[in-house]
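Take a look at the structure set out below.
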2 protein chains.
Amino acid sequence: MSDSQTAPHQPTVLDRVLAIGQMLQHDMDRSFSDTGLSTSRTHLLWVLHHAGPSTQRSLATALQVSARNITGLVDAVEHHGYAARTAHPTDRRATLVTLTDLGRRTMQRMASEHEQLSRELVAGLAPDEADVLMRGLTHVEGVLARLIAEAANPAEVRS
Amino acid sequence: MSDSQTAPHQPTVLDRVLAIGQMLQHDMDRSFSDTGLSTSRTHLLWVLHHAGPSTQRSLATALQVSARNITGLVDAVEHHGYAARTAHPTDRRATLVTLTDLGRRTMQRMASEHEQLSRELVAGLAPDEADVLMRGLTHVEGVLARLIAEAANPAEVRS
DNA sequence: TATTGTTATACTCTATAACTATA
DNA sequence: TATAGTTATAGAGTATAACAATA
């Protein structure tokens with residue numbers, strides 16, 4: 001209980017974003033119980049929902065994970081009835097993964113829940129406040145993108 | 001490539017927060033390479049840094065994970081020299097986990113990096129904009145906390 | 001009896017490497 | 001020779017259940 005050394009500083013924008021992100025993750029995990037879904041599996045279904053039938057190769061590229069990982073994720077969503085493997089019409093090496101009706105309905109429901117949550121989160125704010133909030137977040141995202149790009153490419157210090 | 005059904009709607013505050021959270025996670029993962037650390041292990045060290053020497057039981061409560069999980073995390077941070085198990089002075093069932101010098105120095109460095117990032121993320125904003133951003137995020141966090149509490153306790157619809 | 005931490009077991013997400021079938 | 005997807009193997013994070021030592 002006793003804080004040994006670090007003073008509990010004022011929460012910053014970074015702290016708030018981290019806290020909100022953690023709450024969102026927690027909430028998602030809870031909503032997945034008994035669905036056979038998870039963050040990774042849902043991400044895969046989400047990509048399928050937007051891109052339509054896809055090869056596992058293209059899914060691996062979209063999710064930025066290994067081919068082996070996609071095999072496991074497709075196994076899982078197929079087993080739970082959200083997607084199915086079908087033959088590729090022209091390339092017999094490849095597999096096309098397609099959403100089932102259940103998968104499609106599930107993604108549509110998630111999209112509408114996402115929209116509703118998007119509205120609820122800012123419902124109590126004045127329009128101009130919501131505006132500044134949005135612009136502030138856009139700014140933060142831009143700075144972060146720049147910092148990450150610099151860290152990944154430490155050579156040049158932008159002039 | 002072809003968006004099959006969902007129109008690419010305008011990004012919302014929720015979308016921005018999710019994107020920023022993902023970037024932060026990605027950046028953290030990158031910074032962990034070759035340190036023997038990870039999000040979970042760092043979280044444990046962070047709690048130790050603030051709470052001081054702790055039993056594994058209290059760490060399990062603080063991180064909200066199982067006792068078994070703590071055994072593994074402590075094994076790992078001990079193996080990498082960030083913390084050590086010591087005997088509890090009065091309860092011979094319990095183990096006290098304490099940070100080593102390396103662990104303490106690492107947490108201090110992370111704290112200062114966190115503070116620097118906190119400053120950088122809002123550095124380009126006008127003071128009043130940063131203010132509204134902060135208040136907007138506090139609002140969002142509050143709404144989210146309420147929604148999660150309601151979802152966990154669906155009985156009463158708040159009057 | 002209750003609590004602390006461990007071992008046993010299992011599931012998910014992730015990776016690399018070797019291999020098969022096809023291009 | 002290169003590519004798509006699988007199997008083999010491994011490590012991390014997570015869980016529950018059974019168990020030993022201690023309270």
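Proteins get letters first, then strands, A, B, ... in listed order; numbering begins at 1 in each.
Counting to the nearest Å, the C1' atom of D:dA12 and the CG atom of B:Leu44 are 14 Å from each other. For A:Asp29 and C:dT12, the CG to P distance is 14 Å, given to the nearest whole Å. The distance between atom NE2 of A:His79 and atom C1' of C:dC11, rounded to the nearest whole Å, is 13 Å. Between A:Gln25 atom CD and C:dT12 atom C1' the separation is 13 Å, expressed in whole Å. Here C:dT4 presents its P atom at 12 Å from CG of B:Leu59, a figure rounded to the nearest Å. Following rounding to the nearest Å, B:Arg30 (CZ) and C:dA15 (C1') show an atom-to-atom distance of 19 Å. D:dT14 atom P lies 13 Å from atom NE2 of A:His26, rounded to whole Å.
Regarding contacts with the backbone of C:dT12, a side-chain N or O of A:Arg41 is found under 4.0 angstrom from either OP1 or OP2. The phosphate of D:dA15 (OP1 or OP2) has a side-chain N or O of B:Ser66 nearer than 4.0 angstrom. Close to D:dT14, at under 4.0 Å from its OP1 or OP2, lies no side-chain N or O of B:Gln64. Contact annotation: B:Arg85 side-chain N/O to C:dT6 OP1/OP2 distance is under 4.0 Å. A sub-4.0 Å separation between OP1 or OP2 of C:dG5 and a side-chain N or O of B:Arg92 is absent.
Among the nucleotides C:dT14, D:dT16, C:dA23, the one closest to any side-chain atom of A:Ser40 is C:dT14. Between C:dG5, C:dA15, D:dA4, one nucleotide has an atom nearer to the side chain of A:Arg93 than all others, and that is D:dA4.
Counting any heavy atom pair closer than 4.0 Å across all strands shown, B:Thr55 reaches sugar-phosphate atoms only and no base atom. B:Thr90 comes within contact range of the sugar-phosphate backbone alone, with a heavy-atom separation under 4.0 Å but no base atom that close. Within 4.0 Å (heavy atoms only), A:Arg68 reaches at least one base atom of the nucleic acid.
Between the B:Ser38 side chain and the B:Gly36 main chain, no donor and acceptor come within less than 3.5 Å of each other. A:Ser118 places no side-chain N or O within donor-acceptor distance of the main-chain N or O of B:Leu14, the cut-off being under 3.5 Å.
DNA chain D lies under 4.0 Å from at least one heavy atom of each of the following residues of residues 69-78 of chain A: A:Thr71.
The number of heavy atoms from other shown groups lying within 6.0 Å of CD (B:Glu113) is above 12.
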Q. Under the salt bridge (charged side-chain N to carboxylate O under 4.0 Å, His left out) criterion, do A:Arg85 and A:Asp75 qualify, and how do the steps go?
A. CA-CA 9 Å; A:Arg85 287 180 166 96; A:Asp75 284 352; 3.0 Å; yes
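In this structure, B:His114 NE2 and B:Met107 CE are separated by 12.5 Å, a value rounded to the nearest 0.5 Å. For the atom pair CZ (B:Arg57) and CG (B:Asp91), the distance works out to 13.0 Å, reported to the nearest 0.5 Å. The structure places OG of A:Ser112 at 11.0 Å from CG of A:Leu117, a figure rounded to the nearest 0.5 Å.
Across the interface with DNA chain C, nearest-nucleotide mapping of A:Asp91 and A:His80 shows A:His80 to be the residue nearer the 5′ end.
Residues passing the side-chain hydrogen bond (donor to acceptor under 3.5 Å, both in side chains) test with A:His80, sequence neighbours excluded: none.
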